[in-house]
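Chain A is the first sequence line, chain B the second, and so forth, proteins listed ahead of strands; every chain is numbered from 1. Only heavy atoms go into these numbers, but all of them, side chains included; no hydrogens, no water, no symmetry mates. Remember, predicted model here, so these are calculated numbers, not experimental data.
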Amino acid sequence: APAAPPAPLGCDDPEAEAAAEVALSYINSHSHHGYKFALNRIENIRVLPQKPGDDIMLLELDLLETTCHILSPMPVENCTVRSFREHAVEGDCDVKLQKLDGKLSVLASKCHSHADSSEDVLQLCPDCPLLASLNNTEVLTTVKAALDDHNSKNADAYLRLLEIGRAKIQYAPAHVVYVEFAVAATNCSAEAAKENVEACQLLPDDQSNFGFCTATKVISPAQDFQVDCHLYGHQVPASDSAFLCQDTS
Amino acid sequence: AVAKRAVAKVAQHDKVPRPVGFVPPPPPCPGRIRHFKI
């Protein structure tokens, strides 16, 4: 008599969690923009047996944005998940994995991210600032002012903007713009950049030194401006050899 | 004349009594929420 089919894998089973961990590593290491994501919930898992010792696993994951930029060397396990009050962003991912002789590898992944609704945030936290569009004029001027401020006060490498990661604007009780952005060191010192900023180029990938800045600009009732930038240190590009990637989007 | 037909009685399955303290297993999916649900 044929053997009974194995019981379906539960979303909290160790095997499902191991697959989700591999999938999360893959998603974070193959993303080049925004922030690292942390696992919030395994929504569903399906195992499609192919041959003995060869299974295809289909995972649906619910992820949450962390405070670590994707270029940060910090392992995602040490990254703080954005709180609800910070206007959380969720990622929904479908991942296809292969489990061959016990070894997991990702074959494909597809993710969509979306911010929590403003109504939800305001319901629990009426004074919390909400996410603003990254091309908002106030956001862009704040980012430029923050980078100029940092470069004018530091004699080290002249920093260039890589991307704006997040921006929030609060209108009451105070008018405040919060921005976060990724930067990269150029081949110029801040002093040399004053002479000819156009000549300042980003360093090649193998010498790149990325960083991250946060800035808070209080516009009213009293003006204030705080900028904090730090460089991650020299980064070696991550190898993809740990994953057998055939297709991803 | 109206004849009254016999209606088959629905079989009542004997319910297996659950032992005291029995906690039903959680549904296999979705899994636990690690942080919070949006």
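Contacts between S83(A) and chain B at a heavy-atom distance below 4.5 Å involve the backbone alone (N, CA, C, O). Residue E17(A) touches chain B through its side chain alone, counting heavy-atom pairs closer than 4.5 Å. Heavy atoms closer than 4.5 Å to chain B are found in both the backbone and the side chain of N44(A). At a 4.5 Å heavy-atom cutoff, the contact between L64(A) and chain B is made by side-chain atoms alone.
Shown here for C11(A) and G31(B), the closest heavy-atom pair between the two residues is CB-N, 3.4 Å. Between F36(B) and F84(A), the shortest heavy-atom distance links the atoms CZ-N, 3.7 Å. In terms of heavy-atom proximity, I38(B) sits nearest to V89(A) at CD1-C, 4.3 Å. Of all non-hydrogen atoms in E43(A) and C29(B), the two that sit nearest each other are O-CB, 3.7 Å.
The 12-atom threshold is exceeded at CD of Q50(A), counting heavy atoms of other residues, nucleotides or ligands nearer than 6.0 Å.
A donor-acceptor pair under 3.5 Å is formed between the side chain of D12(A) and the backbone N or O of R32(B).
The closest side-chain heavy-atom distance from H35(B) to R82(A) is not below 4.5 Å. Contact of the D62(A) side chain with the R34(B) side chain is not registered, since no non-hydrogen atoms from C-beta on lie closer than 4.5 Å.
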